[in-house]
Amino acid sequence: MPEEMLYEGKAKRVFATDDEGVLLHRYKDDATAFNAKKRGSWEGKGKTNATMSAALFEYLETQGVPTHFVDQVDDVTIRTKKLEMLPVEVIVRNIAAGSLARLLGFEEGRKLKAPIVELCYKDDDLDDPMLNWYHFRELGVADEDLAFCEELGLRVNEILVPFFDEKGVILVDFKIEVGRDKDGNLMLADEISPDTCRFWDKETGEKLDKDRFRRDMGGVEEAYAEMLRRVTEIKERGAVD
Ligand code: ADP
Ligand code: UDP
């Protein structure tokens, strides 16, 4: 059966499979920033994002977090459950950077007293604005789904901060998405990668994420390769333990 592409997004293509409840996500080497106003591409990006997402979803599952992950098919492709996505981007932050530094007038790099969770409306036409619970209610998103998003974001943060710390990486902030399966269960979806997280080297402060592309810093291909190396090293050691 020829593959049926259901959706082409900015960073991946999503395909149907013979199993109605299962999707393929094929990660592209393409990158966009600032709501697709800036575009680029570099070798190995799709592989890093697919492989890192697979490794992190697997690890989070072992820690009791429900995810959409089924398995990794090849370097750039993962199989997932098919979900109905909530129109929400959940951002969790440990250190001020990017839009939070602008919002609060903080210097980038200021450590936050406690993790901050933000809920943004996934709508490119509106530039994914941060909304409060009243706005989301108006859009038909249930309070219990928002509560799930916030709790999941904080739980994922609690698990991933020490995971990355062990590899000499500070998890500055990240974005996750949430979807519902056919039985009504909410779970973690989409990807976790240098596209969706800020990673800073613990020793040098060097940025190892998409900010290198957003800010034209150079060394973006090397940074993605380095993050893949650090995350898969943990996986390999974990497999032997
Ligand atoms: P964007 O839509 O932001 O350009 P991508 O290029 O990453 O993003 O495309 C992937 C799309 O698939 C996103 O809209 C994301 O919300 C959606 N998605 C992620 N995981 C699932 C899933 N398990 N089931 C259905 N849709 C998903
Ligand atoms: N992020 C993302 N997709 C978005 C918006 C943000 O993956 O559409 C991630 C981003 O990579 C960072 C975190 O969420 O790790 C916080 O992003 P911020 O709001 O600071 O974004 P900026 O304004 O810098 O683009």
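We use all heavy atoms of the structure for the numbers below, so side chains are in, but hydrogens, waters and symmetry mates are not. Since the model is a prediction, treat every value here as computed from it, not as a measurement.
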Subject >> Criterion salt bridge (Lys or Arg N to Asp or Glu O under 4.0 Å) on E158 and R155, from CA distance to verdict >> reply: CA-CA 5 Å; E158 258 174 28; R155 180 77 189 117; 2.9 Å; yes
**OP:** Could you walk me through whether K28 and E8 pass the salt bridge (Lys or Arg N to Asp or Glu O under 4.0 Å) test, one step at a time?
**Re:** CA-CA 10 Å; K28 306 196 267 189; E8 174 152 16; 2.7 Å; yes
Subject >> Pair L100-D173, side-chain contact (heavy atoms from CB on, under 4.5 Å): steps then yes or no >> reply: CA-CA 10 Å; L100 181 79; D173 57 32; over 6 Å; no
Subject >> side-chain contact (heavy atoms from CB on, under 4.5 Å) between V117 and L154, intermediate numbers included >> reply: CA-CA 7 Å; V117 185; L154 290 171; 3.5 Å; yes
Original post:
When you look at D124 and K10, which way does the side-chain contact (heavy atoms from CB on, under 4.5 Å) test go after all the steps?
Top reply: CA-CA 11 Å; D124 284 342; K10 296 184 285 281; 3.1 Å; yes
Subject >> Working for side-chain contact (heavy atoms from CB on, under 4.5 Å), residues F213 and D195 >> reply: CA-CA 10 Å; F213 167 69; D195 272 17; over 6 Å; no
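Checked for salt-bridge contact, D216 and K38 meet the test: a charged N lies under 4.0 Å from a carboxylate O. Of the charged side-chain nitrogens involved, none lies within less than 4.0 Å of a carboxylate oxygen, so that E233 and R230 do not count as a salt-bridged pair.
Residues T204 and D201 approach most closely at N-OD2, 2.9 Å, considering heavy atoms. Nearest heavy atom pair, residue M217 against residue D211, reads SD-O, 3.8 Å. Across all their heavy atoms, E191 and A11 have their closest contact at OE2-CB, 4.3 Å. When all heavy atoms of F174 and C197 are compared, the closest pair comes out as CB-SG, 3.6 Å. Closest heavy-atom contact between L23 and A16: CD2-CA, 4.4 Å. When all heavy atoms of I176 and G153 are compared, the pair lying nearest together is CD1-CA, 3.8 Å.
Inter-residue side-chain proximity for R214 and K207 is flagged as unmet; no heavy-atom pair is nearer than 4.5 Å. Using a 4.5 Å heavy-atom threshold, the side chains of V231 and F164 count as touching. Put simply, the side chain of V141 reaches to within 4.5 Å of the side chain of P87, judged on heavy atoms. The shortest side-chain heavy-atom distance between R212 and E206 falls under the 4.5 Å cut-off. Using a 4.5 Å heavy-atom threshold, the side chains of V90 and L119 count as touching.
Using the six-membered ring where Trp is involved, Y224 and W42 have ring planes that are perpendicular, over 60° apart on the 30 and 60° scheme.
Judged by distance alone, the side chains of T32 and R39 never bring a donor and an acceptor atom under 3.5 Å apart. Side-chain atoms of N157 and N94 include a donor-acceptor pair closer than 3.5 Å. Inspection of the Y27 and D75 side chains reveals no N or O donor paired with an N or O acceptor under 3.5 Å.
Taking CG of D143 as the start and CZ of F136 as the end, the distance is 11.5 Å to the nearest 0.5 Å. With rounding to the nearest 0.5 Å, the separation of OG1 in T67 from CG in L60 is 7.5 Å. Once rounded to the nearest 0.5 Å, the distance linking CE of M227 with OG1 of T51 reads 13.0 Å. Atom CZ of F15 and atom OG1 of T77 lie 8.0 Å apart (nearest 0.5 Å). Between R137 atom CZ and L131 atom CG the span is 12.5 Å, to the nearest 0.5 Å. If you take NZ on K167 and CG on L208, they are separated by 13.0 Å, rounding to the nearest 0.5 Å.
Judged by distance alone, with hydrogens and angles left aside, the side-chain atoms of D29 form a donor-acceptor pair with the main-chain N or O of G46 at under 3.5 Å. In this structure, the side chain of D74 engages the main chain of V76 through a donor-acceptor pair within 3.5 Å. A distance-only check finds no donor-acceptor pair linking the side chain of T80 to the backbone of F69 [under 3.5 Å]. Side-chain atoms of T196 come within 3.5 Å of backbone N or O of S193 as a donor-acceptor pair.
Exactly one residue among E177, M187, R180, K182 makes a side-chain contact (heavy atoms from CB on, under 4.5 Å) with L83. That residue is M187. Among R215, R198, R102, the one residue that satisfies the salt bridge (charged side-chain N to carboxylate O under 4.0 Å, His left out) test with E108 is R215.
Using a 4.5 Å cut-off between side-chain heavy atoms of Ile, Leu, Val, Met, Phe, Trp and Tyr, with links allowed through other members, V156 and L146 fall into the same hydrophobic cluster. Note: the hydrophobic cluster containing L152 also contains V161 (ILVMFWY, side chain heavy atoms under 4.5 Å, direct or indirect links). Under the 4.5 Å side-chain contact rule for hydrophobic residues, F199 and L112 do not share a cluster.
Legend: residues meeting ring pair (Phe, Tyr, Trp, His ring centres under 6.0 Å) with Y121, ordered by chain and number and at least two apart, are absent.
Annotation for F34: atom CZ counts as buried by contact number, over 12 foreign heavy atoms lying within 6.0 Å.
Listed by first and then second residue, the salt bridge (charged side-chain N to carboxylate O under 4.0 Å, His left out) pairs involving residues 111-121 are R93-E118 (not counting sequence neighbours).
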